[in-house]
Number of protein chains: 2
Amino acid sequence: MINITLKQLRYFEALARHGHFGKAADACAISQPALSMQIKEMEEALGASLIERGPRQVRLTHFGEVAVERARDILRAAEELGDLARASRDRLVGRLRIGVIPTIAPYLLPRVIGALSEKHPELEIHVRETVTPKLIQELGEGKLDTAIVALPVSEGSLAETPLFDETFMLVRSASEANAPMPSADRLREMRLLLLEEGHCFRDQALSFCNLPSGPPREVLDASSLSTLVQMVSAGMGVTLIPEMAVPVETRSASVSVCRFEDPEPTRTVGMVWRKSSPLAGQLGEIAEIVRTCS
Amino acid sequence: MINITLKQLRYFEALARHGHFGKAADACAISQPALSMQIKEMEEALGASLIERGPRQVRLTHFGEVAVERARDILRAAEELGDLARASRDRLVGRLRIGVIPTIAPYLLPRVIGALSEKHPELEIHVRETVTPKLIQELGEGKLDTAIVALPVSEGSLAETPLFDETFMLVRSASEANAPMPSADRLREMRLLLLEEGHCFRDQALSFCNLPSGPPREVLDASSLSTLVQMVSAGMGVTLIPEMAVPVETRSASVSVCRFEDPEPTRTVGMVWRKSSPLAGQLGEIAEIVRTCS
DNA sequence: CGCTTTGATAGTTTTTACTTATGATAAACA
DNA sequence: TGTTTATCATAAGTAAAAACTATCAAAGCG
């Protein structure tokens, strides 16, 4: 293994450029003997002479000429590494892998991605949409940088910050539009359509109705809010959806949407990331961007 | 200017490869704390974190992943510089710029170049053919690595080694083939054809005849031995040529060649180079090759 | 809970790199 | 031809960097 140093390459490059030990040493802000010695050590390390020490002149050997080009390449590459580092700390650069739960993704992401890529044009955004436990796991494995989920997550290794609260709305068939608002308790007796097992939103809805979560009940479980609304529209029952989903999901369905009375059911949506993540600082900024567009 | 070291790059690369401080340190044959510290210093120098120090695991940051590739590039380039150095010292590599005087070049070079490129196939040979003073000047300016000229040169800064002695032969018209050999003194009264001013061989011939060198005499001056012989063949006079030139130059000319009586006129041909040349060692070897094929 | 693994920290020693002072040599000059 | 000047090498001492050993702290695991 060759044992030269970048410092030696720098000195050598300066020497090649100035053709003069003293001037090169000045340029490197060191004394002339220091430069002489480093050059000599470099020659020893390489086992070949770089310069021809003629009286009154410093001339590169043939190998020296080849070497100085190589040296410049290497120094340039090192500088570029520095540039890269600077770029990576000044702004978010490269890849941001963000996970989002399915009951938020379709409604929030379009705006978030727009805002993010406007602010950080060089940021390459990868989105993963799946249920909270999977997101948390992938976060832990380093496959994701951050995730947007319902809080709390309560993982010691993860940091979390709230983004916004969202209310759950009741969706029932259009014919019931003017019926009185059922209480949480009355909901239990209605045919409540829910998302399939695994979605946190299912548990949150059940919890609001004081129903135990767990094995599927006698109702049909859907895999998306969109499906749920279509099922309601077909008169199969009622359901809850987050407020944010209302504009998108009820646009083309003959359903009525109404707000619960106080206390309204809500959940807090937030962002989580590994406390140890080096992006920690910048993720706070990203959370802020998400907040402003939600 | 970025202030990292190749050592740090090596350590970092090992860390990235092993994903483990202890193992990486072993691989680098240093202690674990030493590696930890160098990595930390590298991160400080770059102003960006390279690894995410999670408990129980070492994971590269996004920047770290980019950086390790860069690091590998840089390390590879440094190794290549070492390879290059090794190649350049084990054998003659690259360019050998050799100067030869015109009265030797055509007769010696074919064999020398053949032998040289057989022994050092990667050697790129450049030949410069001109008169001694020009060769010496270009040698001093570093435009040539070595030159083959008539000794002595007596330049303090140049090393010289004899290659061989060569005898001068008399060339006269074929009709004089059986005439008695003229003495050096008699030559003065004959029509002696010579090379033009500047060729050392001209001076050597004049010196043999005890004639002053200097301004052209009433004779025609030729620019090559070949021309001289053709002039002799045309009956314009006599001339001297080096023994080595005889086979080539008299093959297709109706002239007679004869050897002088003792003391025969001779000159010593040798090789010269800058004492300070880093090729000095190898030039001795080259001189040896030239000797064996002359 | 203790035990083990793993990386960070502290204190010390060794090595490396730099500085100033001086020497040597050849070119430049008178 | 001696003297000066320019230029790089060498030497000796000092400052800085990098290494080691020992120890600590935190996290995973039985």
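Protein chains get the first letters and strands the later ones, always in sequence-line order, with residue 1 at the start of each. Hydrogens, waters and symmetry mates play no part in the numbers below; they use all other heavy atoms, side chains included.
- Protein atom CD1 of A:Ile30 is 18 Å distant from nucleotide atom P of D:dA15, rounded to whole Å.
- A straight line from CD of B:Glu52 to C1' of C:dG7 spans 15 Å, rounded to a whole angstrom.
- Checking C:dA8, D:dA18, C:dT19 against the side-chain heavy atoms of B:Phe21 singles out C:dA8 as nearest.
- Taking 4.0 angstrom as the limit, B:Lys40 places a side-chain polar atom (N or O) nearer than this to OP1 or OP2 of C:dT9.
- Within the 4.0 Å cut-off from OP1 or OP2 of D:dC8, at least one side-chain nitrogen or oxygen of A:His20 is found.
- Checking each of A:Leu135, A:Ile136, A:Thr146, A:Thr132 against A:Val272 for a side chain to side chain contact (heavy atoms under 4.5 Å, CB included) leaves exactly one that passes, namely A:Ile136.
- Proximity of A:Gln32 to the phosphate of C:dT19: no side-chain N or O atom is located under 4.0 Å from OP1 or OP2.
- A:Ile4 has its CD1 atom 17 Å from the C1' atom of C:dT16, to the nearest Å.
- A donor-acceptor pair shorter than 3.5 Å can be found between the side chains of B:His120 and B:Glu285.
- Between A:Pro33 and A:Thr5, the residue whose closest nucleotide on DNA chain C is further toward the 5' end is A:Thr5.
- The separation between B:Asn3 atom CG and D:dA16 atom C1' is 13 Å, rounded to whole Å.
- One can place NZ of B:Lys275 at 13 Å from P of C:dT25, the figure rounded to the nearest angstrom.
- As rounded to whole Å, 13 Å separates atom C1' of D:dA9 from atom CD of A:Glu43.
- Ion pairing between a basic and an acidic side chain is recognised when a charged N comes within 4.0 Å of a carboxylate O; B:Asp83 and B:Arg86 show such pairing.
- Between the side chains of A:Arg267 and A:Ser207, no donor-acceptor pair is found at a separation under 3.5 Å.
- If you measure from atom CE of A:Met37 to atom P of D:dA11, you get 10 Å, rounded to the nearest angstrom.
- Phosphate proximity of D:dT7 to A:Lys23: absent, as no side-chain N or O sits under 4.0 Å from OP1 or OP2.
- At the heavy-atom level, A:Ala34 lies under 4.0 Å from base atoms of the strands shown.
- What separates CG of A:Asp26 from C1' of D:dT7 is a distance of 13 Å, to the nearest Å.
- For the pair B:Leu35 and A:Ser36, both in contact range of DNA chain D, the more 5′-proximal nearest nucleotide belongs to A:Ser36.
- Distances shorter than 4.0 Å separate none of the side-chain N or O atoms of A:Gln8 from OP1 or OP2 on C:dA17.
- Closest of all the heavy-atom pairs between B:Ala16 and B:Arg72 is CB-NH2, 4.4 Å.
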